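This report refers to the structure that appears directly beneath it.
Treat the numbers as computed from the prediction; the structure is a model and nothing was measured. Chain naming here is simple, since letters A, B, ... match the order of the sequence lines and numbering starts at 1 in each.
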Amino acid sequence: MPAGFEDDTALDDTALDDTALIAAFGGHGIDRDSAAHFRGRLERRLLVHRCDDCGHWHHPPRPMCPACWSWNITPTEVSGRGRIHLLMTLHQGPPAAGVDYADGHPVVTVELAEQPALRFTSTVTADFPADRLEIGTPVTLQWVDRDGTPTPVFGLQEDR
Amino acid sequence: MTNRDPMKDQVAIVGLGSTGFTRDGDESPLAMALRAATEAITDAGLTAADIDGVVATSEPAAKGPEEIAAALGITEATHHTKPSPVAMFSLLDAARAVFSGAADNVLVVTPVVMGPWNSRRAAADPWRAGTRSSILPIPEDATKAAAYAAWASRYIHEYGATKDPFARIAINSRTNAAANPLAAMTEPLSFGMYDAGRMIRDPLNIYDMDLPVDGADAFVLTTAERGRAIAAAQGREPVVIHAATTGIVGKNDEDQLVGLERTGQHVVVDQLRRTSDIWIDDVDLFYPYEGFTIITLAWFENVGFCPPGGAEDFLREHWNDDAQRIEINGRVLVNTHGGSLSEGATRGTGHIREAVHQLRGTAGDRQVADVQSALVTPGGFFFNPQGAILRRG
Ligand SMILES: [Zn+2]
């Protein structure tokens, strides 16, 4: 048996198979094109599709680079740093673990440092200071568990 | 980009039907569609045997064109489609079918139905349980239609805007709805009531969002030549589609849209200006979409009534305080039917229906004198911006 096969088997022992991955993220509309991104979440790595040929990032995950039509796409970990670009506070919405609409649930769209207009939408950490919850505030990625699933959220990026 | 517009003034809207809109409906989507459709066909002076095209919509719970055709007893149809919701998708599809000769008399049917995800009353109705839910599975899903509030905060941030122009959009719609027997909400709305409105997606409150309703609109389209004959026989003014388009920018995901300075609304406006002989200095009525009030501010700016960020000053300057409504230069009224915020969330079909009524002189107590043309801009600014100029013809 070739050595590589054993290596693959070892990897498979820790990774969810497709059915389990779909079950874990079914509510997110996961598909073949976004599977790598969601596998990344399980490792607490925020993976964004990046073109190997021209370097362009795009999100949500699609199979081809919209800038150069290359199919050489690699889901690539981003720094998680950025600034709040869009902001709203939900006072009603779908039920979700740990989400209390009575207090208002912030939804932030963060413009990631990697590329202008490359954005990722999530919420903020529970201890995010209310007076810094505004457009322009620098933030950084953190991970929390929602129903036992690693979920990317944003915390305040302390001024340095 | 093309300047070709061989379809200019070549297709007429000859039939209108509407159930009116309500918050406590108890009819099936098919029943509502059929009420509107039979009214529209009759209004056009036609019968089922004359209809050879059926355009339905992919609205949740809506039936397809084959079921509509069967239910209406249409004899045969050579054009039948099911476009996305929002008015111009189906209207343009029907117009192109007529213009191409694919069909002579095309019925457009657009029911809207409150879903269990957007109405507490609907959620308690067992007959709606099977309605396809578009409920957001997670609160932070930006690919669903939730980001208008986020872009509203971006707009406020960029332009230092207050909520005042948002309030004026909502109040204008409510004021106008009071004269519309089809409208779901007709009680007057004041600035104080707006300010106290229950916050839904801060910074947008309940008055900033269109009203889930039950109801249906239907239209019949035919050639301009036949349309003029029908109108003459009925003693009405004929109404034609002078220019119409949809438009998107490539990057239109709700959170990936590059910025408000270039959206599908700009694409729509550019295309209308290429193909229309009429523009905002000439139009008599303006029907901007207001599924969310931020959309309406963008339409005011993007069609050119005011510069980017200028909607607040513009709406204040063109506000009739006695009438509690927008009157552009005292002449151009805005959403005379009450729009999506007060007539109901009809995906823009109400805007088109009302424009046609005004143009042919059948708007009843709301009739504006001597209307020659109307600019109608359904849709938001992500993936469904649309526009049309309708005129007497
Ligand atoms: Zn590329």
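- When all heavy atoms of Q256(B) and P60(A) are compared, the closest pair comes out as CG-CD, 4.1 Å.
- The residue among P106(A), A96(A), A97(A), S122(A) with the most heavy atom pairs within less than 4.5 Å of chain B is S122(A).
- Rounded to the nearest 0.5 angstrom, L118(A) CG and K251(B) NZ are separated by 6.5 Å.
- To the nearest 0.5 angstrom, M199(B) atom CE is 13.0 Å from M88(A) atom CE.
- When all heavy atoms of D255(B) and T109(A) are compared, the pair lying nearest together is CB-CG2, 3.7 Å.
- Taking OG1 of T123(A) as the start and CD1 of I138(B) as the end, the distance is 10.5 Å to the nearest 0.5 Å.
- At a threshold of 4.5 Å between non-hydrogen side-chain atoms, the residues H91(A) and I200(B) do not count as touching.
- Note: E254(B) CD to R119(A) CZ = 12.5 Å, rounded to the nearest 0.5 Å.
- Here the NE2 atom belonging to H105(A) is positioned 13.5 Å from the CG atom belonging to D202(B), to the nearest 0.5 angstrom.
- Here the side chains of S153(B) and E134(A) are not in contact, with every heavy-atom distance at 4.5 Å or above.
- Taken to the nearest 0.5 Å, the CD1 atom of I84(A) stands 11.0 Å off from the CZ atom of R154(B).
- Neither the backbone nor the side chain of H58(A) comes within contact range of chain B; no heavy atom of the residue lies under 4.5 Å from a heavy atom of that chain.
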